[in-house]
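See below for the structure under consideration.
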Amino acid sequence: QVQVVESGGGLVQPGGSLRLSCAASGSSASIYVMGWYRQAPGKQRELVARITSGGNANYTDSVKGRFTISRDNAKNTVYLQMNSLKTEDTTVYYCNAVFQTVFGRYAYWGQGTQVIVSS
């Protein structure tokens with residue numbers, strides 16, 4: 001059925017960059033919004049960035065000016081360009097895709113991709 005697959009995580013030094021990608025497939029419905037979330041130990045999952053199919057984007061304050069989310073609607077894919085990475089950005093990043101159907105919106109999660117920022 002629906003599949004959401006992330007990639008691009010890895011180990012980088014502070015100040016470095018990574019580009020995460022997320023591809024959603026398996027549904028005939030259109031995507032309403034796709035976003036990136038992260039979850040630190042002992043905390044709830046938080047929104048990092050999200051973008052609608054129309055290109056409207058928003059970010060959590062801690063990543064503004066450093067991260068940029070973009071999308072390729074034809075491929076049902078979103079990207080997260082992560083620049084000036086900090087050690088506190090270290091965690092697992094999850095992709096979420098929300099499909100819009102005549103019955104409502106349905107959200108699907110990817111398995112996550114690990115980002116480690118360390119010197």
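Numbers here are sequence positions counted from 1. All values reported here derive from a predicted model rather than from experimental measurement. Just so it is clear, the values below take in all heavy atoms, side chains as well, and ignore hydrogens, waters and symmetry mates.
Looking at Thr91, its side chain does come within 3.5 Å of a backbone N or O of Gln39 through a donor-acceptor pair. In this structure, the side chain of Thr90 engages the main chain of Val117 through a donor-acceptor pair within 3.5 Å. A distance-only check finds no donor-acceptor pair linking the side chain of Arg105 to the backbone of Val98 [under 3.5 Å]. Panel note: side chain Glu6, backbone Cys22; no donor-acceptor pair is recorded below 3.5 Å. When atom types are taken as modelled, the side chain of Gln100 and the backbone of Ala29 share no donor-acceptor pair closer than 3.5 angstrom.
If you take SG on Cys95 and CH2 on Trp36, they are separated by 5.0 Å, rounding to the nearest 0.5 Å.
At least one cation-pi condition fails for Arg45 and Tyr37: the charged atom is not both under 6.0 angstrom from the six-membered ring centre and inside a 45 degree cone around its axis.
With contacts defined as side-chain heavy-atom distances shorter than 4.5 Å, the pair Arg38/Val115 does not qualify. Between Thr68 and Asn83 there is no side-chain heavy-atom pair separated by less than 4.5 Å.
Heavy atoms of other residues, nucleotides or ligands lying less than 6.0 angstrom from CD of Gln111 number 12 at most. Glu88 CD: more than 12 foreign heavy atoms inside a 6.0 Å radius. Remark: Tyr32 OH is loosely packed, at most 12 non-hydrogen atoms of other residues, nucleotides or ligands lying under 6.0 Å away.
Smallest separation of non-hydrogen atoms from Ile69 and Ala57: CG2-CB, 3.7 Å. The two residues Gln81 and Ser17 have their closest heavy-atom pair at NE2-CB, 4.0 Å. When all heavy atoms of Leu80 and Ala49 are compared, the closest pair comes out as CD1-CB, 4.0 Å. Shown here for Val63 and Val48, the closest heavy-atom pair between the two residues is CG2-O, 3.7 Å.
Both Tyr108 and Ile31 are part of a single hydrophobic cluster, where members link through side-chain heavy atoms under 4.5 Å apart. Cluster annotation: Val92 is connected to Leu47 through the hydrophobic network of ILVMFWY side chains, with a link wherever side-chain heavy atoms come within less than 4.5 Å. Under the 4.5 Å side-chain heavy-atom criterion for ILVMFWY residues, a single connected hydrophobic cluster contains both Tyr106 and Val78. Hydrophobic clustering, with ILVMFWY side chains joined whenever heavy atoms are under 4.5 angstrom apart, groups Tyr59 together with Leu18.
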message = Run Leu11 and Ser118 through side-chain contact (heavy atoms from CB on, under 4.5 Å) and show every step you take.
response = CA-CA 7 Å; Leu11 172 65; Ser118 177; 4.2 Å; yes

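Residues meeting the salt bridge (charged side-chain N to carboxylate O under 4.0 Å, His left out) test with Lys86, sequence neighbours left out: none.
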